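Sequence lines set the chain letters: A, B, ... in the order given, protein chains first and strands last, and positions in each chain run from 1. These figures come from a predicted structure and were not determined experimentally.
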Amino acid sequence: SRSPTPMKLRDAPSACPSLWRCLPCPPAELRLDLVLSSGQSFRWWESSPGAWTGVLGGRVWTLRQDGDRLWYTVYGEEDEHEEEQQGGCPAKAAKLDAAETDRILRDYFQLDVGLSALYRAWGAADPLFRKVANDFPGVRVLRQDPVECLFSFICTSNNHISRITAMIERLCQAFGRRLCCLDSRPFHAFPSLSALTGADAEARLRALGFGYRAKFVSGSARAIAEGLGTEGLCQLRTEPYAEARRVLCALPGVGAKVADCVCLLSLDKAEAVPVDTHVWHIAQQRYGVALGGKSLTPRAYQEIGDFFRGLWGPRAGWAQAV
DNA sequence: TGTAGACCTAA
DNA sequence: TAGGTCTAC
């Protein structure tokens with residue numbers, strides 16, 4: 001790199017407005033803080049109050065909300081030589097790039113899905129939802145990359161968020177492409193599938209503190225590489241929910257809950273309702289879902305999902321995210 | 001089908 | 001104990 005000065009984190013448009021863009025987006029449609037810190041994605045970090053920095057689509061972004069606007073800035077790669085790469089027409093390239101980054105962000109937050117109308121419908125069907133919704137507006141489901149989502153959620157089993165976040169950070173650092181350095185902190189892309197299929201991947205993951213999940217991560221990477229491939233995984237977006245779920249559950253370390261997380265958060269299956277022990281508890285005591293067992297059996301799991309789909313409709317997974 | 005217990009690791 | 005999964009009854 002020949003960057004003369006190290007890049008710095010940007011926390012607000014005021015300091016350098018030309019590096020920021022914005023999209024129209026009222027708080028009722030999106031609450032950045034709630035969405036990015038709720039355990040849907042583990043790669044965002046509140047870099048300064050109200051500013052969220054993370055990696056998305058192979059670039060580093062900082063996001064911020066201000067009234068009815070969603071502001072964002074994208075950081076360049078450290079080896080980027082703009083003039084040379086863009087054929088001597090930086091203005092034109094910048095314009096194309098702006099359209100592209102707008103699109104990426106709108107897609108990631110699924111901004112075309114009107115959340116207020118959904119909140120109204122869920123609230124009308126469910127008084128308990130109405131209560132919670134008041135305190136938590138703007139909670140929507142992200143549309144994440146399927147590979148990142150799958151391997152992240154394999155790491156969530158029998159684990160807590162602080163450790164999951166740290167594990168995924170180390171995963172990216174060890175296996176992901178380095179993107180840039182901000183305030184002398186390096187940022188890495190989420191690893192590609194092929195980066196995780198190496199013969200020593202499991203041992204390296206164990207050394208990174210993945211525990212028994214090391215085998216699941218490397219095993220699933222292998223299985224996908226030898227089977228449907230990254231493209232096949234992404235094509236599950238066009239398959240029915242039941243089919244996508246079936247395929248995912250065949251992977252090592254992927255059970256009903258992880259499969260539903262991947263379906264909901266990356267494969268466009270809005271009806272998928274991930275049932276963890278917390279949700280199971282709530283279903284029993286708040287909603288009085290009467291299901292025999294004292295444990296979350298596959299049958300109980302299915303029935304709880306069906307219950308919420310019956311209550312909230314085809315976007316039950318979105319409602320449950322709230 | 002429905003129950004245990006083990007599985008890595010760091011509180 | 002923590003936001004599960006796998007294996008063996």
Salt bridge flag under 4.0 Å for residues A:D260 and A:K257 =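 Between A:K257 and A:D260 there is no salt bridge, as every charged N stays at least 4.0 Å from the carboxylate O atoms.
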
With the threshold set at 4.0 Å, does a side-chain nitrogen-carboxylate oxygen contact exist between A:R213 and A:E202?
->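 Result for this pair is no, no salt bridge flagged.
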
Considering only the C1' atoms, how many Å lie between C:dC6 and B:dA10, rounded to the nearest integer?
->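 Taking atom C1' in both C:dC6 and B:dA10, they lie 23 Å apart.
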
B:dG5 and C:dT1: how far apart are their P atoms, nearest whole angstrom?
->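 These two P atoms come out 14 Å apart once rounded.
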
A:F190/A:F151 aromatic ring centres below 6.0 Å =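 Ring-ring flag for A:F190/A:F151: false, centres at least 6.0 Å apart.
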
Taking the six-membered ring for Trp and the single ring otherwise, decide whether the centroids of A:F216 and A:F210 are under 6.0 Å apart.
->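 Centroid separation for A:F216 and A:F210: 6.0 Å or greater.
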
Classify the side chain of A:Y212 versus the base of C:dG4 as yes if they form a donor-acceptor pair under 3.5 Å and no if they do not.
->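 For A:Y212, whose side chain was compared with the base of C:dG4, there is a donor-acceptor pair (under 3.5 Å).
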
First-last contacting nucleotides on DNA chain B - partner chain A, under 4.0 angstrom, heavy atom =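 Range of nucleotides touched by chain A: B:dG2 to B:dT9.
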
Ring-face cation of A:R185 near A:W45 (centre distance under 6.0 Å, axis angle within 45°) =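 Cation-pi check for A:R185 and A:W45: passes.
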
From A:W71, A:W20, A:Y75, A:Y72, residue fulfilling side-chain hydrogen bond (donor to acceptor under 3.5 Å, both in side chains) relative to A:T62 =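 Only one of A:W71, A:W20, A:Y75, A:Y72 forms a side-chain hydrogen bond (donor to acceptor under 3.5 Å, both in side chains) with A:T62, namely A:Y75.
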
Salt bridge (charged side-chain N to carboxylate O under 4.0 Å, His left out) between A:R143 and A:D107, worked out = CA-CA 7 Å; A:R143 187 170 194 250; A:D107 181 70; 3.0 Å; yes

According to a 3.5 Å limit on both distances, what stems of 3 or more consecutive Watson-Crick or G-U pairs are formed with DNA chain C?
->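 Consecutive-pair runs (3 or more) involving DNA chain C: B:2-7 with C:4-9.
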
